[in-house]
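The sequence lines fix the lettering, A, B, ..., with proteins before strands; numbering per chain opens at 1. All values derive from a computational prediction rather than experimental measurement.
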Amino acid sequence: MIWEILRMAVNSLTVNKMRSFLSMLGIIIGVGAVIAIVSVGSGAQMQVTSQISQLGSNLITISPGIRRGSSGRISMTSTDLFTMELADQLQQNCPSLARIMPNLQTSGLLIAGTNNYQTTVVGVTPVYQQIYDFYPARGQFITEEHEAGATNVLVLGSGLATELFPETDPVGQKVKLFVRNRHLLFVVVGVMEEKGSGAWGNIENQAFIPASVLMKKINNRKYVSGYTAQAASAADAKAAVGEVQYFLTRYLGDPSQFRVTSQEQLLETISQVTGTLSLMLGGIAGISLLVGGIGIMNIMLVSVTERTREIGIRKALGAKRRHILTQFIIESLAMSGFGGLIGIGFGWLGAAGVAKIGGWPLVVTHTSVLLAFSFALLVGLFFGIYPARKASKLDPVIALSYE
Amino acid sequence: MLIQVINLQRTYQMGSVKVEALKDASFQIKEGEFVAIIGPSGSGKSTLMHILGCLDQPTAGSFLMEGQDISAVSENELAEIRNKKIGFVFQQFNLLPKATILQNVSVPLIYGGIRGRRRQLELAEKALQQVGLGDRLHHRPTEISGGQKQRVAIARALINNPALVLADEPTGNLDTKTGKEIMDIFRQLNKEGHTIIMVTHDQEIAEQARRVIQIRDGLIQKDEVIA
Ligand SMILES: Nc1ncnc2c1ncn2[C@@H]1O[C@H](COP(=O)(O)OP(=O)(O)OP(=O)(O)O)[C@@H](O)[C@H]1O
Ligand SMILES: [Mg+2]
C-alpha cells in the first residue's frame with residue numbers, strides 16, 4: 001500500500017511540474033549551498049594544510065610576543081630580543097631541537113646586466129635546506145664558510161634565475177643587489193630546485209644570502225625577527241616546544257615577550273578556523289533549507305485545498321485518516337527528497353567549479369551529502385505534517401460537496 | 001435486518017439558525033431490497049443517505065447496520081465499514097479526474113488491504129468488464145461519457161462486494177435514455193442479490209424500485225411496497 005501511495009504522490013507532483021519545481025527551489029538551493037560550502041571548506045583546508053606541510057615538517061616558530069597597546073591596538077613587542085647567540089644557546093639547551101635558524105629577510109632590487117627584479121632576499125644559514133627540505137639544483141647552497149666569513153654570495157630561486165639569466169648559466173655570474181640606497185655585489189653560487197606550485201609560489205623568486213651578510217652589511221643590527229627550528233619527529237616537536245618555552249622564560253624572564261608555535265598547532269588552528277567557518281556558512285545555508293520547507297508547506301496547503309473533493313472521495317471509499325495523512329506526508333517528502341537530490345547535483349557542480357578555480361581537489365564527503373539530504377527530508381516531514389493533518393481531518397460530507 | 005433507522009434526527013447549526021434536515025425518521029430495510037427514496041429538494045434525502053453511508057452521524061436517534069449501532073463506533077471503524085460494506089454512487093460521479101478509470105475502480109481495494117498491485121488491477125479490470133467498459137481501462141474520466149462515468153462509479157462501488165449499495169440521484173446528471181441504462185444495471189444487481197437504496201426525485205424512476213419511501217421536510221411521509 002505504501003508503494004501505491006508513493007506512486008500516487010509522485011503522480012500528483014508530475015501533474016504540475018513547474019509548480020512542484022518552484023516549490024522545491026528553496027530545498028534545492030539549501031541543499032546545494034550546504035554541500036558546496038562544506039566541500040569548498042574542506043577543499044580549501046586540505047589545500048592550506050598540504051601547503052603548510054610542504055614547507056617542511058615538525059617545524060617550530062619562535063617569534064616576539066603579542067601585546068595589547070594602550071589604545072587597544074595589537075602590536076608586536078620589541079624585536080630586540082633574538083640574536084644569533086641566542087639561537088646557539090637554544091640549540092644547546094633544547095635537546096629535542098634538531099636544528100635552528102634565524103628568520104631574517106629584506107626586500108631589494110637584483111640587477112644582472114640589463115635584467116632586474118624586485119624581490120625578497122632571505123638571510124639563511126646552511127640548515128635552511130634541511131628545515132624547509134629545499135635544496136639547490138645547480139651549484140651549491142650557502143655554506144658554513146660563507147656564513148662565517150660573511151661572503152657576498154647568493155643563491156637564486158629557480159624562477160628568479162630565469163628572470164635574471166634567461167640565456168646563460170647563472171652560477172658564477174655576478175649580480176648587484178640594490179637595497180637601502182646601497183649597491184652590493186654578489187656572486188651567484190647556486191640555483192634552487194623547483195618546489196612545485198601552491199600559494200607559496202613566490203618562494204621560487206626569492207634570493208638567499210648568508211644571514212651574517214644580511215645582518216652585518218645590510219641591516220647593521222645584531223637582532224633577528226625570530227627563529228625557525230626543526231625537531232627530528234612529531235613527538236620531539238611537542239617536547240621541543242616545552243623546552244624552548246622553559247629555556248626562553250628563564251632566559252628572558254618574561255613569557256609574554258615571545259611566542260612558540262609548532263606547525264602542528266598552526267595546522268590545528270587552521271583546521272579549527274576553517275571548520276568553524278564552514279559550519280557557520282553551512283548553518284546559514286541550513287536556514288535556507290528551513291525557508292524552503294515553508295515554501296513546501298505553502299504549496300501543500302494549496303494542494304490540500306485544491307484536492308478537498310478528492311479527499312472526500314477517498315474517505316467515502318474507505319480511506320482512514322492515516323491513509324490521507326501518509327499520502328500528503330509522502331507527497332511532501334517526495335518534494336523535499338527530490339529537491340534534495342537535485343540540490344546535491346547542483347551543490348556538487350558548484351563545489352567542482354570552485355575547486356577548479358581554487359586549484360584544490362574536489363572533496364564531497366558522504367557525511368555532508370547525507371546530512372544535507374536527511375535535513376531536507378526532515379524539513380519536508382516537518383512542514384508536511386500540518387497540511388497533511390489538515391487534509392486527514394476533513395469531514396467527508398463537507399469535502400465531497402466542495403466545489 | 002440489514003438496516004434499522006430509529007427516530008433519526010440530523011440538525012445543522014448554522015450560526016444562530018438551526019436547520020432540521022431530518023426530524024424523525026424510522027424504517028427498516030432487509031437484505032435484498034431495492035428501495036427508492038423520493039422527495040422534493042431540501043427534504044433531507046442526501047442527509048439521510050450520508051448517515052446510511054456512514055459518512056455522517058445523526059444528532060439523535062440511532063442507525064443500526066447489521067445490528068451494530070453506528071453512532072458508537074470509532075472513526076477508523078466507520079472508514080472500514082464504508083470500505084467493506086457500503087458502495088456509494090453519486091450524482092456527480094465523483095471519480096478521481098487524474099487517474100485512469102482502472103485506477104479509479106481499484107481505489108477501494110487499496111484501502112481494503114487487498115495486497116499486490118497486480119491483483120488489485122485484475123479485480124478492477126474484471127469489475128469494469130462487468131459494466132461493459134473492458135475496452136476503456138486506461139481512459140481518464142474526462143475522456144468518457146456521463147453514462148460511462150456512472151458505470152465506472154458502479155463498478156467501483158461493487159468492487160469490495162458490499163452489503164449495501166447507496167445511490168444518491170445516480171441518473172440526475174444523465175439524459176433519459178442513459179438514465180434507463182443505469183437503472184437497468186441497478187435492477188440487474190438487485191436481481192443478483194444486492195441491497196440497493198437509491199435517492200431520486202423522479203417518480204417514474206422510483207417506480208422501478210420495489211419499495212418507495214417518500215420523505216418531506218425531514219419526515220417519512222409514505223412507505224409503500226410496489227407490487
Ligand atoms: N452542511 C449543511 N449545513 C447546513 N445545512 C445543510 C447542510 N447540508 C444540508 N443542509 C440543509 O439540510 C436540508 C436538507 O438537505 P439535503 O441535502 O438532505 O436535501 P435533499 O433532499 O438531498 O435535496 P436535493 O434534492 O436538492 O439534493 C436543506 O435545507 C439543506 O439546506
Ligand atoms: Mg441531495
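When every heavy atom of R82(B) is checked against every heavy atom of A319(A), the shortest pair comes out as NH2-O, 4.2 Å.
Atom CZ of R19(A) has more than 12 neighbouring heavy atoms from other residues, nucleotides or ligands inside a 6.0 Å radius. Environment of NE2 in H201(B): sparse, with no more than 12 heavy atoms of neighbouring residues, nucleotides or ligands closer than 6.0 Å. Counting heavy atoms of neighbouring residues, nucleotides and ligands inside a 6.0 Å radius, atom NZ of K98(B) does not exceed 12 of them. Remark: F27(B) CZ is packed, more than 12 non-hydrogen atoms of other residues, nucleotides or ligands lying under 6.0 Å away. A 6.0 Å sphere centred on CZ of F338(A) holds no more than 12 heavy atoms belonging to other residues, nucleotides or ligands. Heavy-atom contacts from other residues, nucleotides or ligands closer than 6.0 Å to CG of D69(B) number more than 12.
Heavy-atom pairs under 4.5 Å with chain A peak, among D56(B), N160(B), L96(B), at L96(B).
Under the 4.5 Å side-chain criterion, counting only non-hydrogen atoms from C-beta, Q92(B) is in contact with R309(A). N83(B) is not listed as a side-chain neighbour of L317(A), based on a closest heavy-atom distance of 4.5 Å or more. Two residues are said to be in side-chain contact when any heavy atoms from C-beta on lie closer than 4.5 Å; R156(B) and I313(A) meet this criterion.
The residue from K315(A), H323(A), R314(A) that alone fulfils the side chain to side chain donor-acceptor pair (under 3.5 Å) condition with Y111(B) is R314(A). Across T47(B), I51(B), L55(B), a single residue satisfies side-chain contact (heavy atoms from CB on, under 4.5 Å) together with V397(A), and that is L55(B).
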Go through the steps to decide whether E80(B) and K320(A) satisfy the test salt bridge (Lys or Arg N to Asp or Glu O under 4.0 Å), and finish with yes or no.
CA-CA 8 Å; E80(B) 241 161 71; K320(A) 295 175 182 169; 2.4 Å; yes

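With R321(A) contributing its side chain and N76(B) its backbone, the two residues share no donor-acceptor pair below 3.5 Å.
At a 4.5 Å heavy-atom cutoff, R307(A) makes no contact with chain B through either its backbone or its side chain. Heavy atoms closer than 4.5 Å to chain A are found in the backbone of L95(B), but not in its side chain.
Atom-to-atom distance recorded for S401(A):OG and H50(B):NE2 is 7.5 Å, nearest 0.5 angstrom.
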